[in-house]
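Step one of this worksheet: look at the structure below.
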Protein chains: 2
Amino acid sequence: MTAERTIKLAIAGLGTVGAGTIALIAAQGRLLTDRAGAGVEVVAVSARDRGRDRGVDLSAFEWWDDPVAMAREAECDLVVELIGGSDGVAKAVCEAAMEAGRHVVTANKALIAHHGTALGRLAEEKGVALGYEAAVAGGIPIIKAIREGLAGNRFTRVHGILNGTCNYILTEMRETGRAFDDVLEEAQSLGYAEADPSFDVDGIDAAHKLAILASLAFGAAVDFGNVHVEGIRRIAPLDLEFARELGFKIKLLGIAERTEDGIYQRVHPTMVPVQAPIAAIEGVTNAVETFGDFVGATVLQGAGAGAGPTASAVMSDVLDVAAGRRAPVFGVPAERLTPAASLPMTGHVGPYYVRLRVIDRPGVIADVTAVLRDNAVSMESIIQRGRDPEEPVDVVMTTHETTEAAMQQVLVAIDGLDAVVEPPTLIRIERD
Amino acid sequence: MTAERTIKLAIAGLGTVGAGTIALIAAQGRLLTDRAGAGVEVVAVSARDRGRDRGVDLSAFEWWDDPVAMAREAECDLVVELIGGSDGVAKAVCEAAMEAGRHVVTANKALIAHHGTALGRLAEEKGVALGYEAAVAGGIPIIKAIREGLAGNRFTRVHGILNGTCNYILTEMRETGRAFDDVLEEAQSLGYAEADPSFDVDGIDAAHKLAILASLAFGAAVDFGNVHVEGIRRIAPLDLEFARELGFKIKLLGIAERTEDGIYQRVHPTMVPVQAPIAAIEGVTNAVETFGDFVGATVLQGAGAGAGPTASAVMSDVLDVAAGRRAPVFGVPAERLTPAASLPMTGHVGPYYVRLRVIDRPGVIADVTAVLRDNAVSMESIIQRGRDPEEPVDVVMTTHETTEAAMQQVLVAIDGLDAVVEPPTLIRIERD
């Protein structure tokens, strides 16, 4: 095998990942050719600001002010889309590239979560690749693992820590006892959280990734709109303390489950047993655990973000194209993807943790437990904290398995009790 | 994409993995076709005993008494070799299949460790695939991850828990305080260890897998003969106790490191910090951690053995063939593999743990520490246990970084001291 062929790349978007990708190609040189059986060469780039110093030499590349024009017209085989955003320019770049018969590799989770099925169909029609390894869990090769490495399995469940910012914040809160706002501010100053942190801390980013994983694992159309999403803003240091006491850690998990009736997709703070593999993942690290019928549980963990890891994932897709390796965009051909069959969160069944702040007076616990009884929710344990008379106390209950619908009724009824002084906090428990 | 094509398999060897592979194909049916774009069908099988009940229906398959003849002559596209053994029939089956232009998928770690480079070259000459995902770490898709998912990286190190039997024994010893022989017997009765356990407990099995991982990660010819191998027979419950006291767990690790001078490959009991990802892997679970220059550390963990997980790995390779996906057997073309450049263990540099049993009399510690000083080995800590006068006591020392050569001299000198009543136990420490 000699490297007669060269795959020519046009890169749209020169932020940290774009610069990282250029740096990777420059650093690895001949190695990539050896591994792919074809050379990899950047020929064109596009970004908003031509003058900015990005720490990499762009002088050998054709510069395009208009990334869509570049995608359509530059002399290239493959367009790397690193602009971001679910619509607008990023989408136009990918569509223009595929329409022109070019392969597309993207790190854009929002785009794939919102438009993945349609873009996948377009790729198939045009006979080009659409790679998105970099869109989920950074450098962890989870897309390839599900799509190819574990392809002999029917998956029943995929879950993971898909947002490093949230995991960092929850880890810090647990280790230091500090409050959410305080740790968020620190994460922002360290560059682990954006100035506007809502995409991360409200669970949207994790939900994008989860919708992609669910589609791939279950062979279903991407259905971001039906992901149940809750973030971590309401988690208090007290919840982390109670979790510890109960043998749990609190993680923002993305969970996709296939049942006989359809698919549950949910992102929310979750109590997981301290001995679960996923509980050991701390700080900005990401991890995904898959459950296949023949292979059982498999965990992949690593860097979920950053220039180097994301460039590594981009390159995995680029090298597949260079080597002529192809797999259906979502694991099976578009015509074989089942329509989205997402189930509403109200049907979820599991154990729950509920924390209340109540005035400590006779009969309060009786009132609260009566609400559970009236909704046929069976309590597993109860802990009461704080003993200053007439001061509010914290009461934590865990339940046996029950439905989300019943728990939502319980929450409303409890919140209506006079003695309950702030809205209850609910955290789902996963024992798997 | 409709499934016009069908990949026809001949399976040589019908032990648990062979039966598991047949069961997987029967169970998944249409799913495999959807994922690979081609059907997967077993057409021929061969094993020693035709009459044995294997729990799967073989009636639709052509039976061959001679697996080599089957590999050469059966009407098939791909031969799955599940006989085992580094030479003899297994090797003949693989060679015959490739000579006849058939793809080969094998779970045979001994074969690939001993003859991988030559077999890889033959596959390349004949233009066929040689898949061995199932040979390393059971169901964990680590071969594909290194070869494709992380292919944008230069690897500096790969290490892992590659033998579930040893990890189970060490986990049980630590948790229960029981001795090696006792736990081994239990592992045998549970089916976690063979009647002849030496391949597992003496580290050979892990060494086979490590040699394969090292070749793939570093683009070097497979060099099993130069893996330094030590097993776990000499680990005592006392070592596990001391490890805990020092903040470590003891794992049988396979470690491959690339340095400027060459490659270290070693399998030995290793003290790893309790907070290291690899330390969390307990029982029969396997895990591999890779270190790439752009992606950083990535950990894959899962089932390292068993019918279902191994069949899952076999199927991953089969589906790659069915889908027409190809990668160089060891990540780069045979002509680009660097010759084996394994370094001798004596050049290894790291910290060490040494446990001695000594007669507790004046001057003993002075004698021991003088040995260290004379060999320029710097002690980091010392612990002495046991206080019955005239009874032997246990002394444990840890060292700062030093060379293996120096430590081996230290061991010989210490063993020669009158007060030392049994050969010292040495365990290497890895802080990464």
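Chain letters run A, B, ... following the sequence lines, proteins first, then strands; residues in each count from 1. Everything numeric in this text was worked out from a predicted model, so none of it was measured.
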- request: Can you tell which part of Leu319(B) gets under 4.5 Å to a heavy atom of chain A, answering side chain, backbone, both or neither?
  value: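 For Leu319(B), side-chain heavy atoms alone lie under 4.5 Å from chain A.
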Side chain, backbone, both or neither: which part of Ala27(B) has a heavy atom under 4.5 Å from chain A?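 For Ala27(B), heavy atoms of backbone and side chain both lie under 4.5 Å from chain A.
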For [X] versus [Y], what's the shortest heavy-atom pair and its separation?
X: Ser316(A); Y: Gly149(B); answer: CB-O, 3.4 Å
X: Gly20(A); Y: Phe294(B); answer: O-CE2, 4.0 Å
X: Leu32(B); Y: Gly152(A); answer: CD2-CA, 4.0 Å
X: Leu150(A); Y: Gly139(B); answer: CD2-O, 3.7 Å

Item to check | Any donor-acceptor pair under 3.5 Å from Arg325(B) side chain to Arg326(A) backbone | outcome: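 Flag set: sc Arg325(B) to bb Arg326(A) pair under 3.5 Å.
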Can a donor-acceptor pair be found, under 3.5 Å and without considering hydrogens, that links the side chain of Arg35(B) to the backbone of Ala151(A)?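 Yes; at least one donor-acceptor contact below 3.5 Å.
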| field | Most contacts with chain A, counted as non-hydrogen pairs under 4.5 angstrom, among Ala280(B), Ala297(B), Ser312(B), Gly296(B) | value |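 It is Ser312(B).
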Quick check on [X] against chain B: is it the side chain, the backbone, both or neither that has a heavy atom closer than 4.5 Å?
X: Asp293(A); value: side chain
X: Gln301(A); value: both
X: Leu24(A); value: both
X: Ala303(A); value: both

Side chains of [X] and [Y]: does their closest heavy-atom pair fall under 4.5 Å?
X: Pro141(A); Y: Thr298(B); value: yes
X: Glu148(A); Y: Asp320(B); value: yes
X: Glu282(A); Y: Gln275(B); value: no
X: Arg154(B); Y: Leu31(A); value: yes

Hydrogens and angles aside, do Asn153(A) and Gln28(B) bring a side-chain donor and acceptor to less than 3.5 Å of each other?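 Side chains of Asn153(A) and Gln28(B): no pair found under 3.5 Å.
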